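For reference, the structure is listed below as structure tokens.
Note: hydrogens, waters and symmetry copies are ignored here, and every other heavy atom, side chains too, is used. Keep in mind it's a predicted model, so treat the numbers as computed, not measured. Both counts, for ligands and for their atoms, begin at 1 and track the order of listing.
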Amino acid sequence: MIVMLIGAPGSGKGTQSALFCERFAFTHLSTGDIFRAEMAAQSAVGRKAAEYVNSGKLVPDEIVTEMVAGKLDDLKGGRYLLDGFPRNLAQAQSLSGILAKRGAAVELVLFLDLTQEEAMKRLTSRRICGGCGEVFNVLTRLPRAEGKCDKCGKDLVQREDDSEATARKRLMVYEDLTRPLVAYYKAEGILHEVDGGRSPDAVAASLAEIVAPQLGAR
Ligand code: AMP
């Protein structure tokens, strides 16, 4: 079963993906996480992606699509949660093609709706652990010891692309290129909208209400 999570940067896709995958035993496929890992490893893909990721632009479609196709290669009736892919209509069409070749299709699209103002506030107040990647927030989820990760004790940092100017750019890119996917998947009849402005637990409960019956039905 393939489920997709769509939402603006800052809408909680990462947080919800982690909760969702643990609860329903899905494999999490986040193109943003993959790029950050490739960049940290300074691989060929990571070096190519860095200039786009750090300036808030989308990485070119060919690079992303090839990478995702590789990850979905050994799709064997598993459960996958796509997070951050597709990001535009061309990627959505490529994804349909990649899945069709493997006899699969996206079954459910979960859209986390959030105002631009709230997304901006969340992005610029987000801090992540430089060691384990745990996410904190200087307004809503302070660590126990200032600037240190609760889980591994390493320093908390701001993602380069969460700076005010880059966050604003990412939200513009989202509105122009990614948001049209909402209408695209609505027209396919597989989109479910959830208010992403609530607490993580409340959002997770809404997502579970949508997904559980579909999983139970198989
Ligand atoms: P995210 O963690 O999903 O906010 O992604 C961080 C950055 O990775 C984005 O701002 C893009 O530069 C890049 N990225 C992630 N997913 C994609 C994608 N599907 N297409 C193009 N660029 C992407």
Practice task
Inspect the contact between Glu117 and Lys121 and indicate whether a charged nitrogen and a carboxylate oxygen are less than 4.0 angstrom apart.
Solution key: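 No, no charged N to carboxylate O under 4.0 Å.
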
Closest protein heavy atom to [atom], given as residue, atom name and distance to 0.1 Å:
| atom | answer |
| --- | --- |
| atom 20 (N) of ligand 1 | Gln91 NE2, 2.9 Å |
| atom 16 (N) of ligand 1 | Thr31 OG1, 2.7 Å |
| atom 23 (C) of ligand 1 | Phe35 CE1, 3.9 Å |
| atom 1 (P) of ligand 1 | Arg87 NH2, 3.5 Å |
| atom 11 (C) of ligand 1 | Lys57 O, 3.5 Å |
| atom 6 (C) of ligand 1 | Arg36 NH1, 3.6 Å |

Exercise for the section: Select the closest option to atom 7 (C) of ligand 1 among Asn88, Val53, Thr178, Val64, judged by heavy-atom distance. Expected result: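 The option holding the nearest heavy atom is Val53.
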
Practice task
Kindly indicate whether a cation-pi arrangement holds for Arg127 with Phe136, taking the cut-offs as under 6.0 Å to the six-membered ring centre and within 45° of the axis.
Solution key: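 Judged by the rule (NZ or CZ under 6.0 Å from the ring centre, within 45° of its axis), Arg127 is not positioned above Phe136.
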
Problem - Of all pairs that satisfy side chain to side chain donor-acceptor pair (under 3.5 Å), the ones with a partner from residues 55-65, not counting sequence neighbours - result: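 The answer is Asp61-Asn88, Asp61-Gln91.
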
So, is [X] polar-close to ligand 1, with some N/O to N/O distance under 3.5 Å?
| X | result |
| --- | --- |
| Gly84 | yes |
| Val59 | yes |
| Arg170 | yes |

Exercise for the section: Give a yes or no on whether the backbone of Val194 and the side-chain of Ser206 come within a donor-acceptor separation of less than 3.5 Å. Expected result: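 Checked: no pair found.
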
Handout entry: Donor-acceptor pair, side chain of Arg198 and main chain of Asp195, under 3.5 angstrom
Key =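 The answer is yes, because a donor-acceptor pair under 3.5 Å joins these two groups.
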
Practice task
Taking the side chain as every heavy atom from C-beta outward, state whether Ile34 and Val68 have any atom pair closer than 4.5 Å.
Solution key: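 Not in contact.
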
Exercise for the section: Determine whether the side chains of Asp161 and Thr166 contain a donor N or O and an acceptor N or O closer than 3.5 Å. Expected result: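 Their side chains do not contain a donor-acceptor pair, so the 3.5 Å distance test is not met.
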
Practice task
Kindly check if the number of other-residue, nucleotide or ligand heavy atoms within 6.0 Å of CD (Glu175) is above 12?
Solution key: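 Yes, CD of Glu175 has more than 12 neighbouring heavy atoms, counting only those of other groups under 6.0 Å.
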
Exercise for the section: Compute the minimum heavy-atom distance from Arg159 to ligand 1 and say whether it is under 4.0 Å. Expected result: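 Distance cut 4.0 Å: Arg159 passes for ligand 1.
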
